[in-house]
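One structure is given below, encoded as structure tokens.
The shown structure was predicted, so the numbers you read here are calculated from the model rather than taken from an experiment.
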Amino acid sequence: MERRSGISLWRQIADQIRHGVGAGTLAEGGRLPPETALAARFGVNRHTVRNAIAALIDEGVLRAEQGRGTFVEERRRLKYPISARTRFSEGLRDQARDRRGHLLRESREAASGRVAEALDLADGAPVIRMETMSEADGRPVSRATSWFDAERFAGFADAFQELGSVTLAFKRYGVEDYFRQSTLVSARHADDDDLDDLGLAAGAIVLVTIAINVDIGGRPIQFSETRFAADRVELSVTPPA
């Protein structure tokens, strides 16, 4: 435990328990050690351990059974493939019956240097920014911020809101197919917006992908940063052929 790291002790404990679940050292359905044992292990009081456990119960990682103890929740993690043709709906086709995207908010803004470079636009060029959330069988699994060329894709947010799919919206603009040019993957704690929209507890981890999609001519059409709930989704990266 790092007591001067700026990260609260209960959050560090929650992260370690969460990591144990993800790594398989704490098996699904298995019982968590008693609070006293965990307090001794981490060198903290029982109240701190109780806060960590409560956060993980709220998030659905653990479940409490009266008179029996606290158990690792049994649940299936979705496997989300990242490849040259990454598509949310197609990628989860065999794992979820209902797959859809929701528009949270949209705006028109001047492209920052980072966005302009990714979309091969001039600095300050007009872009559409969309905040979206994707669900599988009614369960939020990811939240994304995406940017599109506002001149080429004027009204794109309306098309997405109607169709619930970026792929189908692109077809409205004559983009019948597109490819993933690059993907960077990292992980961090969820911010406040991710906590709210994905229904996560404080201290939850999200997997982050920063990606550029291009049309068949190689022209960038979408720059996005997507946050996946790490306890609900695992990313499967297919190397380029």
Please give me the minimum heavy-atom distance between [X] and [Y], naming the atom from each residue.
{"X": "Arg172", "Y": "Ala159", "result": "NH1-CB, 4.2 Å"}
{"X": "Leu103", "Y": "Ala157", "result": "CD2-O, 3.9 Å"}
{"X": "Leu62", "Y": "Val72", "result": "CD2-CA, 4.0 Å"}
{"X": "Gly113", "Y": "Asp123", "result": "CA-OD1, 3.8 Å"}
{"X": "Pro220", "Y": "Arg152", "result": "O-NH1, 4.5 Å"}
{"X": "Gly124", "Y": "Ala110", "result": "O-CB, 3.6 Å"}

Can you find a pair of side-chain heavy atoms, one from [X] and one from [Y], that are under 4.5 Å apart?
{"X": "Arg50", "Y": "Trp10", "result": "no"}
{"X": "Tyr80", "Y": "Leu92", "result": "yes"}
{"X": "Arg143", "Y": "Asp193", "result": "yes"}
{"X": "Tyr178", "Y": "Val214", "result": "no"}
{"X": "Arg232", "Y": "Leu198", "result": "yes"}
{"X": "Val166", "Y": "Phe160", "result": "yes"}
{"X": "Val208", "Y": "Glu225", "result": "yes"}
{"X": "His189", "Y": "Asp15", "result": "yes"}

Are Phe170 and Phe153 close enough that their ring centres sit under 6.0 Å apart?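 They qualify: ring centres under 6.0 Å apart.
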Kindly compute the distance separating [atom1] ([X]) from [atom2] ([Y]), expressed to the nearest 0.5 Å.
{"X": "Arg129", "Y": "Phe156", "atom1": "CZ", "atom2": "CZ", "value": "16.0 Å"}
{"X": "Ile17", "Y": "Leu56", "atom1": "CD1", "atom2": "CG", "value": "5.5 Å"}
{"X": "Asp120", "Y": "Arg219", "atom1": "CG", "atom2": "CZ", "value": "8.5 Å"}
{"X": "Ser83", "Y": "Phe179", "atom1": "OG", "atom2": "CZ", "value": "10.5 Å"}
{"X": "Phe42", "Y": "Gln12", "atom1": "CZ", "atom2": "CD", "value": "10.0 Å"}
{"X": "Arg227", "Y": "Asp194", "atom1": "CZ", "atom2": "CG", "value": "4.5 Å"}

Give a yes or no answer on whether the side chain of [X] reaches the backbone of [Y] with a donor-acceptor pair at less than 3.5 Å.
{"X": "Ser224", "Y": "Thr226", "result": "no"}
{"X": "Arg31", "Y": "Arg68", "result": "yes"}
{"X": "Asp137", "Y": "Ala96", "result": "no"}
{"X": "Glu35", "Y": "Val49", "result": "no"}
{"X": "Asn213", "Y": "Gln222", "result": "no"}

Linked, directly or transitively: [X] and [Y] (ILVMFWY side chains, under 4.5 Å):
{"X": "Leu168", "Y": "Val175", "result": "no"}
{"X": "Val206", "Y": "Val185", "result": "no"}
{"X": "Leu119", "Y": "Ile212", "result": "yes"}
{"X": "Leu195", "Y": "Ile205", "result": "no"}
{"X": "Leu38", "Y": "Ile57", "result": "yes"}

A quick test of your reading: do over 12 heavy atoms of other residues, nucleotides or ligands sit less than 6.0 Å from [atom1] of [X]?
{"X": "Glu234", "atom1": "CD", "result": "yes"}
{"X": "Glu151", "atom1": "CD", "result": "no"}
{"X": "Arg100", "atom1": "CZ", "result": "no"}
{"X": "Arg97", "atom1": "CZ", "result": "no"}

Does Arg18 come within less than 4.0 Å of Asp231, counting only side-chain N to carboxylate O?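 Yes, Arg18 and Asp231 are salt-bridged.
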With a 4.0 Å cut-off, would you call Asp177 and Lys171 a salt bridge?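 The answer is no: the pair does not qualify as a salt bridge.
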Take Asn51 and Thr48 through the test side chain to side chain donor-acceptor pair (under 3.5 Å) and record every step on the way to the result. CA-CA 5 Å; Asn51 286 341; Thr48 301; 5.7 Å; no
Verdict with supporting geometry, Leu78 and Val141, side chain to side chain contact (heavy atoms under 4.5 Å, CB included): CA-CA 9 Å; Leu78 297 171; Val141 296; 3.7 Å; yes
